[in-house]
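Data first, discussion second: the structure below is written as structure tokens.
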Amino acid sequence: MPQSLAPAAELVGRELETALLRERLRDPLVRLVTVTGRAGVGKSRLAAETVRVVGGEFARIAVLDAAAPGGWPAPSELSELPEPSEASEASGRVLLLLDDCDHEARPATAEALEVLTADPRVVVLATSVEPLGVYGELLLPLAPLPVPGPRRGPAAAAADPHALQEVASVALFVRRAREADPAFALTLENAAAVAEICRLLGGLPLALELAARRLRLFPPHLLASRLRGRTTMLSGGPANAPARHRSLAALAEWSCRGLDDADRALLGQLSVYEPGFGLWAAGLSAEAAVETLLDRGLLAVVGEEQGELRLAVPEPVRSHARAELAESGGEAAALDAHAERYRSLVSGAQPGLRGTEQARVLRELAAEGANVIAALRRLRERGDGEAAAAVVLGCRLPWLAQGRLREGLEWCDHTAEAGGAALAEAVRARLADLSGVFALALGDPQEAVRRHRHALALGRSVGDRRQNALASARLGAALLDSGDPAGARAVLVTALSALESMGVTGGAASAAATLAAALRADGDRRRAQETLDRAVEAFRRIRDGRGLAGALRTVAALALEGDEPDRADPALRESLRLYGAVGERTELPGLLEEFSLLLMRTAPAQRPRTVRLLAAADTLRAETGAQVPDEWRSAAERARTELSARLDWTDFAVAWAEGVRMTVPEAVAEALSAPAPSHRPSAAPAPEDRALTPRQVQVALLVSEGMTNRQIAAKLDISEWTVVNHVRQVMRRLGCSSRVQVAGAVGRWA
């Protein structure tokens, strides 16, 4: 029989879905709308609240629970609906809410819908985990709430509570936490833990609400640690809620109900994968089974990389499937298969890291980074030191590009210690050498020197000339950064000669680029330029984009020493493009700061953009945990001080906040959109009709500083639409087709 709506409930983060559902129900041509999504995502609540809002526009409303005991009412009973209200009686339309059309209720739902949709006045709103497959069905997929982005290194402990509060999953968790404990507040101390809880639970509303209730017993950091790997521990839902909504274990069991053996086995195998794996990386060929799991919400699409979907088994299904796999005795075999697959992935990627495929391979390995770490943990658990060392050594370039510096250093040390005497001395030498690379990237050149010398001591007994030459070249880089350019020069000359004689082109190019930096530090600019030209040519020949980007930074430094900013600018821009292509994180902060200092020198009007770039560099470096030399830190601090003095305090704060939120691609794009320095003679527009009004001059100047239309409107106290018109007139009169060209034209006025 028809039922009444549940009590009103607050919806958080569902404004777009609510508006879309309202419009679809109001459309006179729409007959059936199905809200789909995983169990616990809030389908019933969204549907009920939408019906509550638009119900007055229908003559009659009925609510049916498709999963209720006793099954569906007879077709004749479906017409026994409540009497219409006076305001809506004229519409004659009937709205039926069919809730929980899942599992055993699906066949009856399809049969009933044939009866219901035969009447043109009937509009049906259904909720189901997967589409009902009925002709004319419109779908409204409901995804979990957005979660905070991952943060690594020291920056992970400095999450901004105000920024986190804007994330829907955090907002929902905080509201429910205050209901459980009125004294709860999101603070600097608990923000990182709250963000981790939301990520662990995948933004699933029911899971967030159950977790918030547990704050009566555990503070956020302890709750986060208990949830890692076992989210099904959460329980304590309302007593009047369906059984599956009282605990995540019950929710997961209900979600998996009705799976056949093959689908259940595939789900178990995939439960050992970390979220964000690719179909190819997981070796998936059973596309039909994958689609079944996707339709049921047991497998979720979490992103895309280079045209390939990134997938995840969402919580709490993952914890439940992993537990079932362990009970059946298949967990060890699944973990071993996972480890072997990613060992092979890293091994097979090595040729691609040294040529034209470098950018693609680095991005692929970055996307699979969590699974590579999981594979390493498994190899460590089963004591396979040789295989673990091969994976660690194969991750040198990917981890450097990803900024996994502290993690890389720890894996080098642990793998060498765990392998002990059973690990070949040549392998231990390579691990010691790699650990020095990570120590130098972290900003500890003295420790890097110690580690590289240890690697050379181990390598001499092995007699591997190639490895010893590479370790010597890296020792030279560490000596240079530790303030010993003469010592670096001596080591690098020998290493470069050895590498060239052995035909190690990539290693020789890197050694040449470092030697050029050492020669520059010694004041020998002529030889530095000659050596650097050889390195750049070699990097271009072998298509090593990351190595070329590093060499181009030295090109820019030499150009700036010679007071040639117009030569430094294109070198830094090409370096930015190359780093952007590989998703670089370790070297990019320093490059952004170098470009910012050049921008301050060549384009003073770009101050807001410069602030954004400095903020982005500061944030990215904090995530890697790297330190910079005192003199470079002082230069960046002086630049920030000067910019804060020359800009209005509010403008500086807004620009800094915008930079802090930038991703790597956004920071690179922001830098590349800055106007290039120009030394063409300035000339005012001759024709009278090309002259700008005083207000248009103001707008043009603010555009050249990188301000948005909204910021300009606030600055000049005019409407945003007026700014848009002024910008159009400025572009027309100056003959510009973009804001970047406007900035360039304004720069020539000076």
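Along the sequence shown, residues are numbered consecutively beginning with 1. Because the structure is a prediction, the values reported are computed rather than measured.
Tested against Glu593, the residues Arg640, Arg553, Arg621 include a single salt bridge (charged side-chain N to carboxylate O under 4.0 Å, His left out) partner, Arg621. Of the candidates Asp484, Leu479, Asp481, Leu480, Asp481 is the only one forming a side chain to side chain contact (heavy atoms under 4.5 Å, CB included) with Pro445.
The minimum heavy-atom distance linking Thr514 with Gly476 is given by the pair CG2-C, 4.5 Å. Between Ser575 and Leu552 the shortest heavy-atom distance is N-CD1, 4.1 Å. Here the closest non-hydrogen pair linking Ala429 and Gly459 is CB-N, 3.9 Å. Taking each heavy atom of Ala639 and Met600 in turn, the nearest pair found is CB-SD, 3.6 Å. Residues Pro398 and Leu362 come closest through the heavy atom pair CA-CD2, 3.7 Å. Minimum interatomic distance between Ala349 and Leu365 (heavy atoms only, all atoms of both residues): CB-CD1, 3.9 Å.
In this structure, Leu409 CG and Glu407 CD are separated by 11.0 Å, a value rounded to the nearest 0.5 Å. One finds the CG atom of Asn468 at 10.0 Å from the CG atom of Leu458 (value rounded to the nearest 0.5 Å). Considering OG1 of Thr505 and CG of Asp544, their distance stands at 11.0 Å, rounded to 0.5 Å. Annotation: the span from Leu440 atom CG to Arg474 atom CZ amounts to 11.0 Å, rounded to 0.5 Å. Here the straight-line distance linking atom CG of Leu560 with atom CG of Leu572 works out to 7.0 Å at 0.5 Å rounding. Interatomic distance, CD of Gln467 versus OG of Ser472, reported as 9.5 Å (0.5 Å rounding).
Looking at Arg380 and Trp411, their side chains come closer than 4.5 Å, going by heavy atoms from C-beta outward. Considering only heavy atoms from C-beta on, Val392 comes within 4.5 Å of Cys412 through its side chain. Residues Asn190 and His221 have side chains not in contact (no heavy-atom distance under 4.5 Å, counting atoms from C-beta outward). By the 4.5 Å heavy-atom criterion applied to side chains, Leu588 and Leu576 are counted as neighbours. Leu496 places a side-chain heavy atom less than 4.5 Å from the side chain of Arg534. Considering only heavy atoms from C-beta on, Val372 comes within 4.5 Å of Cys395 through its side chain. Side-chain contact between Leu442 and Gln627 is absent, with no heavy-atom pair separated by less than 4.5 Å. Taking the side chain as every heavy atom from C-beta outward, Ile542 and Arg354 never approach each other to under 4.5 Å.
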Could you walk me through whether Val437 and His452 pass the side chain to side chain contact (heavy atoms under 4.5 Å, CB included) test, one step at a time? CA-CA 8 Å; Val437 172; His452 287 307; 4.0 Å; yes
Could you go step by step and tell me if Arg546 and Glu587 meet the side chain to side chain contact (heavy atoms under 4.5 Å, CB included) rule? CA-CA 9 Å; Arg546 190 175 185 275; Glu587 300 292 338; 3.7 Å; yes
Leu311 vs Leu279, test: side chain to side chain contact (heavy atoms under 4.5 Å, CB included). Steps then yes/no. CA-CA 7 Å; Leu311 305 174; Leu279 284 169; 3.4 Å; yes
Stepwise, does the side chain to side chain contact (heavy atoms under 4.5 Å, CB included) test hold for Tyr579 with Val668? CA-CA 8 Å; Tyr579 278 155; Val668 171; 5.6 Å; no
Verdict with reasoning, Glu340 to Arg343, per salt bridge (Lys or Arg N to Asp or Glu O under 4.0 Å): CA-CA 5 Å; Glu340 178 59 26; Arg343 186 196 66 77; 2.6 Å; yes
Dump the intermediate steps for salt bridge (Lys or Arg N to Asp or Glu O under 4.0 Å) on Glu574 and Arg567, then the final yes or no. CA-CA 12 Å; Glu574 184 178 1; Arg567 181 165 164 259; over 6 Å; no
Arg360 and Glu364: CA distance, side-chain angles, deciding distance, salt bridge (Lys or Arg N to Asp or Glu O under 4.0 Å) verdict: CA-CA 6 Å; Arg360 180 190 65 79; Glu364 180 181 287; 3.5 Å; yes
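With a 6.0 Å radius and a threshold of 12 heavy atoms from other residues, nucleotides or ligands, Glu537 has its CD atom at or below the threshold. More than 12 heavy atoms of other residues, nucleotides or ligands sit less than 6.0 Å from atom CZ of Arg609. When the shell of 6.0 Å around CZ of Arg382 is examined, it contains more than 12 heavy atoms from other residues, nucleotides or ligands.
Between Arg526 and Glu530, at least one side-chain N (NZ, or NE/NH1/NH2) sits under 4.0 Å from a carboxylate O, which counts as a salt bridge. Salt-bridge annotation for Glu304 and Arg310: absent, with no side-chain N of the basic residue lying under 4.0 Å from a carboxylate O of the acidic one. Comment: Arg573 engages Asp569 in a salt bridge, judged by a side-chain N to carboxylate O separation of less than 4.0 angstrom. A salt bridge links Arg601 to Asp563: at least one charged side-chain nitrogen sits closer than 4.0 Å to a carboxylate oxygen. Between Arg451 and Asp433 no salt bridge is recorded (no basic side-chain N to carboxylate O distance below 4.0 Å). Salt bridge present: Glu425 and Arg428 bring a charged side-chain N and a carboxylate O closer than 4.0 Å. Ion pairing of Glu447 with Arg450 is present here, as a side-chain N (NZ or NE/NH1/NH2) and a carboxylate O approach within less than 4.0 Å. The pair Asp464-Arg430 fails the salt-bridge criterion, with no side-chain N (NZ, NE, NH1 or NH2) lying under 4.0 Å from an Asp/Glu carboxylate O. Under a 4.0 Å N-O distance rule, the pair Arg661/Glu666 does not qualify as a salt bridge.
Between Phe652 and Trp656, the ring planes lie parallel to each other; the angle is under 30°, not in the 30° to 60° tilted range. The aromatic rings of Trp399 and Phe438 sit tilted, their planes meeting at an angle between 30° and 60°.
The backbone N or O of Leu519 lies less than 3.5 Å from no partner atom in the side chain of Asp524, so there is not a single donor-acceptor pair. For the pair Ser435 (side chain) and Ala432 (backbone), a donor-acceptor distance under 3.5 Å is present. Listed for the Gln358 side chain is a donor-acceptor partner under 3.5 Å among the backbone atoms of Leu353. Judged by distance alone, with hydrogens and angles left aside, the side-chain atoms of Glu561 form no donor-acceptor pair with the main-chain N or O of Ala557 at under 3.5 Å. Of the possible polar contacts, one joining the Gln350 side chain to the Gly394 backbone as a donor-acceptor pair under 3.5 Å is found. With hydrogens and angles ignored, the 3.5 Å screen pairs a side-chain donor or acceptor of Glu368 with a backbone N or O of Gly278. Within the 3.5 Å criterion, the main-chain N or O of Leu620 finds no donor-acceptor partner in the side chain of Arg585. Counting only distance, with no hydrogens or angles, the side chain of Ser497 and the backbone of Thr494 share no donor-acceptor pair below 3.5 Å.
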